[in-house]
Amino acid sequence: MKKKNWIILAIIVAMLAAVAILYRFYYPKHIKLLKSEFVFTELIRLKSTTVKNQGASNTCWSYTGNSFLESEMIRMGKTPVAISPLYTVRMAYLERARNYLRLHGGLKLNEGGQLQDVMQILRLHGAMPRAAYTGIKAGKSSSNFKGLRALLNSRLSSMVKSRELKRSWERDVELLMDDYLGKVPVNFVYKGKSYTARSFADQVIGIDPDQYIHIASVTTAPYYKSFIFLIPDNWSFSQFFNLPMEQLTLVIDQSLKNGFTVACTIDISEPGFSWPYGIAYVPQKSASDMTAEEKKTQFVRPQPERKVDAMERQSAFDAWQTTDDHALHIIGLVKDQNGKEYYVAKNSWGRGNAFQGFVYLTKEYVRYKSTALMLHKDALEPSLKNKL
C-alpha cells in the first residue's frame, strides 16, 4: 500500500477513535446533565419491551403499534417477541398501493400511517418476528425508504396513466419492494418451529385486532359516535370514536390503572416538546415572550402550564398547527416534586435522551396535542364502553 493511502487510513482510524471517545465519555455526561432538576415519583409503570430505533424513516406508527402489541402479549401472560415493524410497513405499502390504484391516483403515497394500520396488517397479513424479517436488504446497513417511495410513486403513477391495470401489478410492486427491503420469507423458524406470517400471528402473538378501539377528539363530529378522521395518514379511511377532549386523559388514566398500556399519535413540533430533555408540556408563555433565562431553563425544572379548551384544540388542528406527526407508547404515570402528573411514553428514536428513550408528557400536553389513541376495549370503564 502506498504511503499516501496509509496516511489516509490512519486519519480515518483516528477520527473513528475520536468519535468513540466522545460518545463514551462526553455524551453520557451531557445527557446526565439534561436530567436537570426534575424529581419524578413513579405511580404506575407497566411492562414493555426494549426501546427501538426507527432510524431515518417515518415509520414511528409501526414501531409504536408493534411495541403496543408486545406489551399486550406481556399483559396476556405471554412471552413477548420482538415483532418486525418493517414487515408491517411493507404490507401497509401494498395495501396503500391497492387503495391508490382504486382511487385512480387520488391518494398520497408516503411512509406515514396510523396505529390502526398495525392492527389491519395483523388482521390481513399476520406478523413476523424481527429476526425473520428486518426490512434491510442483505449487504445494506439500513432500509432505503427514500428510494423505494420515489420509485413506487413513479411506477404506480404510470399504472394509473396507462388506464389499463395489469393483473400482475401486485407482483410487480412486491418485486420492487424486494429490491429495497429484501424478500419476505414464506416460512421461517421461531424457537424450533416453522411458521408463516399468518400462523405466527395466530399462534404466537395471539391478539385479536377486533378487541381494540381507536379514539380521537374533534368538535366537528358528534361525540360518542364513530367518524372517519380526515388526516393525511389515514389512507385506509379508518373510523375513530369521538370523545370530548377532557375524556382523553381520563381514558388513559383508567387504562393504566387497569394494567393496559395505550398507543397514541401526537404532535411533537411544538416549543413545549423537547426530545433531548425528554419533557413535553404546554408553556404558559409563547417563545417570543420568554426571557433568555426562561428559554434556557424551560425544560430544566417543572413549569406552570397554560390551560387549553376544546375550541383551541380544534383551532390548532384546523390551522395545521396540530398534526399526527409522531406516535408514542404510553406505559406509565409519574408525578413531579410539585405533584403534577406526567405520562411515561416510550419513543422509537433509540436511547439517546435524558430518560434513555422515554418522554414525560403532561396531561395538558396530551389533551392539547394528541390526535388519536389506541387501546383494548376492556381498558375502558363499562359505562363508556357501552356508549361506544
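Sequential numbering from 1 along the given sequence is applied to the chain's residues. Predicted model only: the values in this text are computed from it and were never measured.
Between Tyr342 and Tyr360, a ring centre-to-centre spacing not shorter than 6.0 Å is recorded. Ring pair Phe40/Phe38: centre-to-centre distance below 6.0 Å.
Residues Gln284 and Gln303 fail the side-chain proximity criterion, which asks for heavy atoms closer than 4.5 Å. With contacts defined as side-chain heavy-atom distances shorter than 4.5 Å, the pair Lys335/Leu43 qualifies.
Smallest separation of non-hydrogen atoms from Met128 and Val184: CE-CG1, 3.2 Å. Residue Asn242 comes nearest to Ser217 through the heavy atom pair OD1-CA, 3.2 Å, listed as atom of the first residue, atom of the second, then distance. Smallest separation of non-hydrogen atoms from Leu122 and Ile207: CD2-O, 3.9 Å.
Within the structure, every pair that satisfies the salt bridge (Lys or Arg N to Asp or Glu O under 4.0 Å) test and touches residues 72-87, not counting sequence neighbours, is listed here: Glu72-Arg75. Pairs engaging residues 158-169 under the salt bridge (Lys or Arg N to Asp or Glu O under 4.0 Å) rule: none recorded [sequence neighbours left out].
Under the rule for a ring-ring contact (aromatic ring centres under 6.0 Å, His included), Phe241 has no partner lying at least two apart in sequence or in another chain. Residues that satisfy the ring-ring contact (aromatic ring centres under 6.0 Å, His included) test with His125, not counting sequence neighbours, are absent from this structure. For His326, the side chain to side chain donor-acceptor pair (under 3.5 Å) test picks out Asn347, with sequence neighbours left out. A search for side chain to side chain donor-acceptor pair (under 3.5 Å) contacts involving Asp210 returns Arg123, not counting sequence neighbours. Lys285 pairs by the side chain to side chain contact (heavy atoms under 4.5 Å, CB included) definition with Asp289, Met290, Glu294, not counting sequence neighbours. Residues that satisfy the ring-ring contact (aromatic ring centres under 6.0 Å, His included) test with Trp169, not counting sequence neighbours, are absent from this structure. Scored by the ring-ring contact (aromatic ring centres under 6.0 Å, His included) test, Phe145 finds no partners at all (sequence neighbours excluded). By the side chain to side chain donor-acceptor pair (under 3.5 Å) test, Asp324 pairs with Gln114, sequence neighbours left out. Under the side chain to side chain donor-acceptor pair (under 3.5 Å) criterion, Asn53 pairs with no residue at all, not counting sequence neighbours.
For the side-chain hydrogen bond (donor to acceptor under 3.5 Å, both in side chains) with Tyr281, the qualifying choice from Glu364, Arg306, Glu305, Gln298 is Gln298, the only one to do so. Between Phe68 and the options Tyr63, Tyr212, Trp61, a ring-ring contact (aromatic ring centres under 6.0 Å, His included) holds for only Tyr212. When each of Arg171, Glu170, Met177 is paired with Val173, the side-chain contact (heavy atoms from CB on, under 4.5 Å) condition holds for Met177 and for no other.
Interatomic distance, Asn386 CG to Tyr224 OH, rounded to the nearest 0.5 Å: 13.0 Å.
In this structure, Phe317 shares a hydrophobic cluster with Val218, Phe227, Phe229, Ile231, Phe240, the cluster being traced through Ile, Leu, Val, Met, Phe, Trp and Tyr side chains under 4.5 angstrom apart.
Ion pairing between Asp253 and Lys257 fails under the 4.0 Å rule for side-chain N and carboxylate O. Between Asp178 and Arg90, at least one side-chain nitrogen of the basic residue sits less than 4.0 Å from a carboxylate oxygen of the acidic one, meeting the salt-bridge criterion. Taking the charged nitrogens against the carboxylate oxygens, Arg301 and Asp336 have no contact shorter than 4.0 Å, which rules out a salt bridge.
Classified by interplanar angle (parallel below 30°, tilted 30° to 60°, perpendicular above 60°), the ring pair Phe273/Tyr365 is tilted.
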